[in-house]
Asker: 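Dumping the structure here so I can ask a few things about it.
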Amino acid sequence: MPTTAELPNLDAVDRLGSAIAQKLKVGDVVALSGTLGAGKTTLARAILRHLGHEGDVPSPSFTILEVYEPPSVRLPLVHADFYRLDDPSEADQLGLEEYRADAAMIAEWPENVGGFAHDERCLQIDLSLVGERRIAKIEPGKDWLKR
Ligand SMILES: Nc1ncnc2c1ncn2[C@@H]1O[C@H](COP(=O)(O)OP(=O)(O)OP(=O)(O)O)[C@@H](O)[C@H]1O
Ligand SMILES: [Mg+2]
């Protein structure tokens, strides 16, 4: 069942990022969808900070994948931005399954690789701007309900 959270400011994003980072495990995907400027990268950065990462988090829009490894983070994490993928066959060449076997993943523009909607390890978050309000629709996969 989806829940809705208001994200009126960056502190609220930080708290959501902290809650996600505490529960995150290898094999998970946090799928961040939403329009340009909705706050996907901001939430991804908050999660990474709460996993222990200090310093910059480059946007992976050009590299597509950025990998973070312990000890600077609590667990291996791949930060992906699939915005530039326009052909689903390009996704096959990235080896996403191999990455997911050994790391947690934060995926921006998940719809460009077919989405993760039926994955029980997926936490789907849809960010939107409704007038002045910023809203997160959060849909936990089955595995997340136990946490
Ligand atoms: N909940 C929020 N409250 C206030 N400002 C926010 C919030 N979320 C994001 N922002 C601000 O909105 C701007 C755009 O955010 P961000 O770059 O994270 O969006 P994005 O969804 O990754 O966009 P793109 O699709 O272009 O990569 C940033 O300046 C960020 O600081
Ligand atoms: Mg972004």
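Values below: all heavy atoms of this structure, side chains included; hydrogens, waters and symmetry mates excluded. Numbers here are sequence positions counted from 1. These figures come from a predicted structure and were not determined experimentally. Order of listing sets the numbers, starting from 1, for every ligand and every atom in it.
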Asker: Are L123 and V13 in one and the same hydrophobic cluster, where Ile, Leu, Val, Met, Phe, Trp and Tyr link if side-chain heavy atoms are under 4.5 Å apart?
Answerer: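 Yes, same cluster.
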Asker: Show the numbers, then the answer: is there a side-chain hydrogen bond (donor to acceptor under 3.5 Å, both in side chains) between S89 and Q93?
Answerer: CA-CA 7 Å; S89 71; Q93 294 162 26; 4.8 Å; no
Asker: Can you tell me how far the CG atom of N9 sits from the CG atom of D14, to the nearest 0.5 Å?
Answerer: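 Separation between the atoms: 10.0 Å.
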Asker: Judged on heavy-atom distance to atom 16 (P) of ligand 1, which of D11, T42, L129 sits nearest?
Answerer: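 Comparing heavy atoms across D11, T42, L129, the nearest one to atom 16 (P) of ligand 1 lies in T42.
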Asker: Can you tell me how far the CD1 atom of I20 sits from the CG atom of L32, to the nearest 0.5 Å?
Answerer: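 The CD1 atom of I20 sits 7.0 Å away from the CG atom of L32.
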Asker: Among all protein non-hydrogen atoms, which one is nearest to atom 27 (O) of ligand 1, and what is the separation to 0.1 Å?
Answerer: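 Sorting protein heavy atoms by distance from atom 27 (O) of ligand 1 puts T41 OG1, 4.0 Å first.
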Asker: Are W109 and Y83, when compared by the centres of their aromatic rings, separated by less than 6.0 Å?
Answerer: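 Aromatic pair counts; centres sit under 6.0 Å.
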Asker: Output the distance between atom NE2 (H79) and atom NE2 (H53), rounded to the nearest 0.5 Å.
Answerer: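 H79 atom NE2 to H53 atom NE2 measures 11.0 Å (nearest 0.5 Å).
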Asker: Please give me the minimum heavy-atom distance between E6 and A12, naming the atom from each residue.
Answerer: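 Looks like O-CB, 4.2 Å.
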Asker: Suppose I only count heavy atoms of W109 and a 4.0 Å limit; which atoms of ligand 1 are within that range?
Answerer: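 Those of ligand 1 that fall under 4.0 Å from W109 are 25 (O).
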Asker: Show which atoms of ligand 1 fall inside a sub-4.0 Å distance from at least one heavy-atom site of E108.
Answerer: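 Atoms satisfying the 4.0 Å criterion: 22 (O).
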Asker: Specify side chain, backbone, both or neither for Y83, according to which of its non-hydrogen atoms lie closer than 4.0 Å to ligand 1.
Answerer: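 Within the 4.0 Å criterion, Y83 makes no contact with ligand 1.
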Asker: Considering heavy atoms of the protein only, find what lies nearest to atom 25 (O) of ligand 1 and give residue, atom and distance to 0.1 Å.
Answerer: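 Answer for atom 25 (O) of ligand 1: K40 NZ, 2.7 Å.
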Asker: Under a 4.0 angstrom heavy-atom cut-off, which atoms of ligand 1 come close to T35?
Answerer: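 It comes down to these atoms of ligand 1: 21 (O).
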Asker: For D87, does the CG atom sit with more than 12 other heavy atoms under 6.0 Å from it, leaving out its own atoms?
Answerer: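 Yes - once you tally the heavy atoms of other residues, nucleotides and ligands closer than 6.0 Å, there are more than 12.
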Asker: Determine, using heavy atoms of A38 and all atoms of ligand 1, whether some pair is separated by less than 4.0 Å.
Answerer: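 It does, in that a heavy atom of A38 comes within the 4.0 Å cut-off of ligand 1.
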Asker: So, are R100 and D119 salt-bridged, with charged N and O less than 4.0 Å apart?
Answerer: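 Salt bridge present between R100 and D119.
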Asker: Looking only at protein heavy atoms, identify the closest one to atom 14 (C) of ligand 1 and say how far it is in Å.
Answerer: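 Nearest protein contact, heavy atoms only, for atom 14 (C) of ligand 1 is G37 O, 3.6 Å.
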Asker: Heavy atom under 4.0 Å from ligand 1: found in V13's side chain, backbone, both, or neither?
Answerer: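 Answer for V13: side chain.
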Asker: When you look for heavy atoms under 4.0 Å from ligand 1, do you find them on the side chain of L43, its backbone, both, or neither?
Answerer: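 Neither part.
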Asker: So does Y83 have any N/O/S atom less than 2.8 Å away from the Mg ion (ligand 2)?
Answerer: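 Looking at Y83, which is the residue asked about, there is no N, O or S atom under 2.8 Å from the Mg ion (ligand 2).
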Asker: What atoms of ligand 1 come within less than 4.0 Å of a heavy atom belonging to L7?
Answerer: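 In order of number, 1 (N), 2 (C), 3 (N).
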Asker: Which heavy atom of A104 sits nearest a heavy atom of K25, and at what distance?
Answerer: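 Minimum heavy-atom separation between A104 and K25: CB-O, 3.5 Å.
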Asker: Determine whether any protein heavy atom is located less than 4.0 Å from atom 18 (O) of ligand 1.
Answerer: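 Within 4.0 Å: yes, protein heavy atom nearby.
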Asker: Record the part of R134 in heavy-atom contact with ligand 1 below 4.0 Å; permitted values are side chain, backbone, both and neither.
Answerer: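 It is the side chain that gets close, since no backbone atom is under 4.0 Å.
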